[in-house]
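These notes concern the structure reproduced below.
Numbers here are sequence positions counted from 1.
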Amino acid sequence: MRTMTQLAVLALVGAAGAGWQFYGETVGLKPPLEMLGLQAPPVQGGGRGSGPGGPVGVIVQPVRVAQVVDKVESVGTVRAREAVTITSKVAGIVETIGFTEGQRVEAGATLVQLDAAALRAELDQARALMDDARNQLVRARQLQAGQTIAAQRLETLEALARQAEGRVRQADARLEELRVNAPFAGRVGLRQVSPGALIQPGTVITTLDDTAQVRVEFSVPEVHLARIRVGSAVTARSIAYGERRFRGVVAVIDTRIDPATRSVRVISEFDNSDEALRPGLFLTVELVLEERDRALLVAEEAIDPVGDRAFVFVVRDGRARRQEVKLGLRLPGEVEIREGLNAGEPVVVRGIQRLRNDLPVRVVETLTRPTS
């Protein structure tokens, strides 16, 4: 019976010790053994200032001010500023090819010339008829001065002259269709036809891309829509170019949200004078949403999260003051503080596990740089 009583007492003391460990220290109760008179009270000020009743040693770091860049990452594809597939409007036999693959050409340059012998003959005939009609009209006008030709005959000759001029312009236009020109300056792609080949309307001859400036299209989640601006900075990189960074700006923001992905399409423009970015290239894109020049930053380990709230311990008048803060952007090893702190305030970065609000503390070390 005595043994069972002893076991019960030990169990009670153990439970009391566990309860004090979780709650008693927070509210300032004495340890269970001390309350029962089985343990002497601790010596005040013992240890290195970290024992019960003495200030707790902590390491602090002042809230620092720095520039932060809030950005979102996406993926995009390079597109030429202008791109077209070169085809013929009429059927014909390829007479000459005026470009080499990969060559840069100017606007209006002749890329392919089709056989035009028949149309040249037709144009010569139309011009001869036009010259004859004009000569008859000139003679008729001279005779009209002497009242020797009827007015109706003169009108007929004028109509015939206009018809002849129209046939010349028509033949000239058909002859022009046999010459395939570059619609804008750019670089031609692979050649798809050969001299002597018979091509039909729509037959692909080559491609033409203006890549002096390129566009990169990517998507951004709709949650960031209000923070996207035309002219915002965009940085892109490709595995093909290693660590090289390409810099551009937002040029166009789509007027609609994709209901399937809940994202908005954004088109950015990049200078590409060295033509490193080629149409179809896959890029990783970073869009700058906001830049804050005087953001407040603290070490990540200083944050004491409780549910969806965040706290830090600030040393004021030799005591640790528990301060709720509103977090912003997360950086490597640091967190932006949007509300709750001022620049330069000493924030506890090590030793927060032993702290509670209004507990006396002793600053062991003050860090001047980020802890990681």
Path from [X] to [Y] over hydrophobic side-chain contacts below 4.5 Å:
X	Y	answer
I267	F282	no
L178	I97	yes
V264	V252	no
V285	V288	no
V193	V180	yes

Worksheet item: Hey, what do you get for CG (L287) to CZ (R229), rounding to the nearest 0.5 Å?
Response: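 Here the rounded value is 11.0 Å.
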Worksheet item: In Å, rounded to the nearest 0.5 Å, how long is the span from CD1 of I253 to OG of S268?
Response: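 Spacing of CD1 (I253) from OG (S268) equals 11.0 Å.
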For the residue pair [X] and [Y], what are the closest heavy atoms and their distance?
X	Y	result
R356	F313	C-CE2, 3.7 Å
V68	A295	CG2-CB, 3.5 Å
R338	G328	CG-CA, 3.6 Å
V75	F218	O-CB, 3.2 Å
A212	R104	CB-NH2, 4.4 Å
A299	V349	CB-CG1, 3.8 Å

When you check the gap from the basic side-chain N to the acidic O, do [X] and [Y] get nearer than 4.0 Å?
X	Y	answer
E300	R330	yes
R179	E176	yes
R321	E345	no

Practice prompt. Decide yes or no on side-chain contact (heavy atoms from CB on, under 4.5 Å) for V361 and V348, but give the supporting numbers first.
Written response: CA-CA 10 Å; V361 294; V348 177; 5.8 Å; no
Does the side chain of [X] reach to within under 4.5 Å of the side chain of [Y], using non-hydrogen atoms?
X	Y	result
V69	E286	no
S88	L114	yes
E336	L297	yes
E365	R350	no
V94	S194	no
F270	V78	no
P62	T366	yes

Under 3.5 Å, sequence neighbours excluded: what are the donor-acceptor pairs made by side chains of residues 241-250?
residue : atom : partner : partner atom : Å
Y241    : OH   : A276    : O            : 2.5
R244    : NH1  : D274    : OD2          : 3.3
R244    : NH2  : D274    : OD2          : 2.9
R245    : NH1  : E243    : O            : 3.0
R247    : NH1  : T235    : OG1          : 3.3

Item to complete: Report the C-alpha distance between F184 and V84 in whole Å, list the side-chain angles of each, state the deciding distance to 0.1 Å, and finish with yes or no for side-chain contact (heavy atoms from CB on, under 4.5 Å).
Response: CA-CA 9 Å; F184 51 83; V84 67; 3.8 Å; yes
Item to complete: Begin with the C-alpha distance, continue with both residues' side-chain angles, and end with the deciding distance and a verdict on side-chain contact (heavy atoms from CB on, under 4.5 Å) for V234 and V216.
Response: CA-CA 10 Å; V234 178; V216 177; over 6 Å; no
Discussion item. Show, in sequence, the C-alpha distance, side-chain angles and deciding distance for L277 and L283, and conclude whether the side-chain contact (heavy atoms from CB on, under 4.5 Å) test is met.
Written reply: CA-CA 9 Å; L277 298 176; L283 294 177; 4.2 Å; yes
When you measure from the side chain of [X] to the backbone N and O of [Y], does any donor-acceptor pair fall under 3.5 Å?
X	Y	result
R292	R294	no
T211	R278	no
D115	I93	no

Worksheet item: Which residues pass the side-chain contact (heavy atoms from CB on, under 4.5 Å) test with V188, sequence neighbours left out?
Response: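 Partners of V188 under the side-chain contact (heavy atoms from CB on, under 4.5 Å) test: F99, Q103, V105, L111, T206, L208.
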Fill in: side-chain contact (heavy atoms from CB on, under 4.5 Å) involving T284 - partner list, sequence neighbours excluded
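Residues passing side-chain contact (heavy atoms from CB on, under 4.5 Å) with T284: E73, R237.
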Fill in: R319 CZ: over 12 foreign heavy atoms closer than 6.0 Å
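Yes, enclosed.
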Worksheet entry | E106 CD: over 12 foreign heavy atoms closer than 6.0 Å |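 Open.
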Worksheet item: Can you pull the salt bridge (Lys or Arg N to Asp or Glu O under 4.0 Å) pairs that have at least one residue in residues 205-223, sequence neighbours excluded?
Response: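 Every salt bridge (Lys or Arg N to Asp or Glu O under 4.0 Å) pair that includes a residue of residues 205-223, provided the two are not neighbours, is R79-E217, R81-D210, R215-E269, E217-R265, E222-R262.
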Practice prompt. Please identify each residue that fulfils salt bridge (Lys or Arg N to Asp or Glu O under 4.0 Å) with R127, with sequence neighbours left out.
Written response: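 Salt bridge (Lys or Arg N to Asp or Glu O under 4.0 Å) check on R127 returns nothing, list empty.
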Discussion item. Please give the remaining members of the hydrophobic cluster of V65, linking ILVMFWY side chains under 4.5 Å, ordered by chain and number.
Written reply: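 V63, L296, V298, I303, V312, V314, V325, L327, V335, I337, L341, V347, all in the cluster of V65.
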